[in-house]
Asks: 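Can you keep this structure in mind? I'll have questions shortly.
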Amino acid sequence: RMSEVDTQTVEWLWEPYIPFGKVTIVQGNPGEGKTTFALRLAAACTTGGTLPGMKSLPPFQVIYQTAEDGLGDTVKPRLMEAEADLDRVLVIDEAKRELTLSDERIEKAITQNGARLIIQNILIRIAAVKAATQAVPNALFALCNIILPIAVIENCNPIGTPIYNKVFANAPRNLCSAEVPFRISK
């Protein structure tokens, strides 16, 4: 019964767009600026800076993982351009073992570093709309069911920016319409 549910206030990273402790998906076609936005947001969070309409917060650690862009040739130069505090932007080393959404290193990185934001460019390879209807919900399901419980406990914000290969029959922004069930237990 809703009469028995305690109301809670939401803590915002960027009101009304990005709440702490909840999954945020940045969705769009290739080339529309998802990564640029994510890196600008990371920069603002590491320096106490803001984006338009965003209230300033004390600087905090950010974890940034990408399945598409090179760290040295793309990510770092873009973070430098955005004037990020590079010491506050962390990556999980994938040299010996590729990172998966169920990887225990994600929880370890969040808890050991006090990260309040984790940005994951989730690679979703799509060959056709049929594949997309499975790939997108599966990736989002993993993000919600594996990372979100950790994020809620640690008051961290996971942001997913799905990356699509260029071979698809429909616009990627139209493919992310599945409902993704998840459960949180503290």
Asks: Which heavy atom of T66 sits nearest a heavy atom of Y64, and at what distance?
Replies: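 For T66 versus Y64, the nearest heavy atoms are CB-CE2, 3.8 Å.
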Asks: What pair of heavy atoms forms the shortest contact from L79 to A42, and how long is it?
Replies: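 So the two residues come closest at CD2-CB, 4.3 Å.
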Asks: May I have the step-by-step check of side-chain contact (heavy atoms from CB on, under 4.5 Å) for W14 and L57, ending in yes or no?
Replies: CA-CA 10 Å; W14 186 12; L57 295 172; over 6 Å; no
Asks: Is there a side-chain contact between L117 and L41 in this structure, where contact means two heavy atoms from C-beta onward sitting under 4.5 Å apart?
Replies: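 Yes, close enough: below the 4.5 Å cut-off.
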Asks: Set out, in order, the CA-CA distance, both residues' side-chain angles and the distance that settles side-chain contact (heavy atoms from CB on, under 4.5 Å) for R40 and E81, then state yes or no.
Replies: CA-CA 9 Å; R40 294 279 174 172; E81 180 184 318; 3.1 Å; yes
Asks: As an exercise, state the distance from CD of E94 to CG of L71, rounded to the nearest 0.5 Å.
Replies: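 Here the rounded value is 8.5 Å.
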Asks: Drop me the distance from C45's SG to D85's CG, to the nearest 0.5 angstrom.
Replies: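 It comes to 12.0 Å.
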Asks: Identify the heavy atoms of N113 and Q61 that sit nearest to each other, and give their distance.
Replies: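 The pair with the smallest heavy-atom distance is O-CG, 3.1 Å.
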Asks: Within the distance-only criterion (no hydrogens, no angle test), does the side chain of T46 pair as donor or acceptor with the backbone N or O of A43 below 3.5 angstrom?
Replies: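 It does hold such a pair.
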Asks: Within a strict 4.5 Å, meaning less than it, do heavy atoms of the Q65 and I106 side chains meet?
Replies: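 The answer is no; the side chains never approach within 4.5 Å.
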Asks: Above 12 or not: heavy atoms from other molecules or residues under 6.0 Å from CD of E104?
Replies: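 Enclosed: over 12 neighbouring heavy atoms sit under 6.0 Å from CD of E104.
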Asks: Are side-chain heavy atoms of I119 and F37 found at a separation under 4.5 Å?
Replies: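 I119 vs F37: side chains apart.
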Asks: With a 4.5 Å cut-off on side-chain heavy-atom distances among I, L, V, M, F, W and Y, is there a chain of contacts connecting L39 to F60?
Replies: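 Per the 4.5 Å side-chain linkage, L39 and F60 are co-clustered.
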Asks: Same cluster or not: are V75 and V91 linked, directly or through other Ile, Leu, Val, Met, Phe, Trp or Tyr residues, by side-chain heavy atoms under 4.5 angstrom apart?
Replies: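 Yes: a chain of side-chain contacts under 4.5 Å links V75 to V91.
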Asks: G72 and P77: which non-hydrogen atoms are nearest, and at how many Å?
Replies: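 That would be O-CD, 3.4 Å.
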Asks: Search all heavy atoms of T35 against all heavy atoms of R78 and return the closest pair with its distance.
Replies: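 Looks like CG2-NH1, 3.2 Å.
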Asks: Would you check if Y17 and V26 make a side-chain contact, meaning some heavy-atom pair closer than 4.5 Å?
Replies: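 Counting from C-beta outward, Y17 and V26 never come under 4.5 Å.
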Asks: Do you know the tightest heavy-atom contact between T50 and K55?
Replies: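 Closest approach of T50 to K55: CG2-C, 3.8 Å.
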Asks: Counting C-beta onward and ignoring hydrogens, is there a side-chain heavy-atom pair between M54 and L13 closer than 4.5 Å?
Replies: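 A side-chain contact exists here, since the closest heavy-atom pair is under 4.5 Å.
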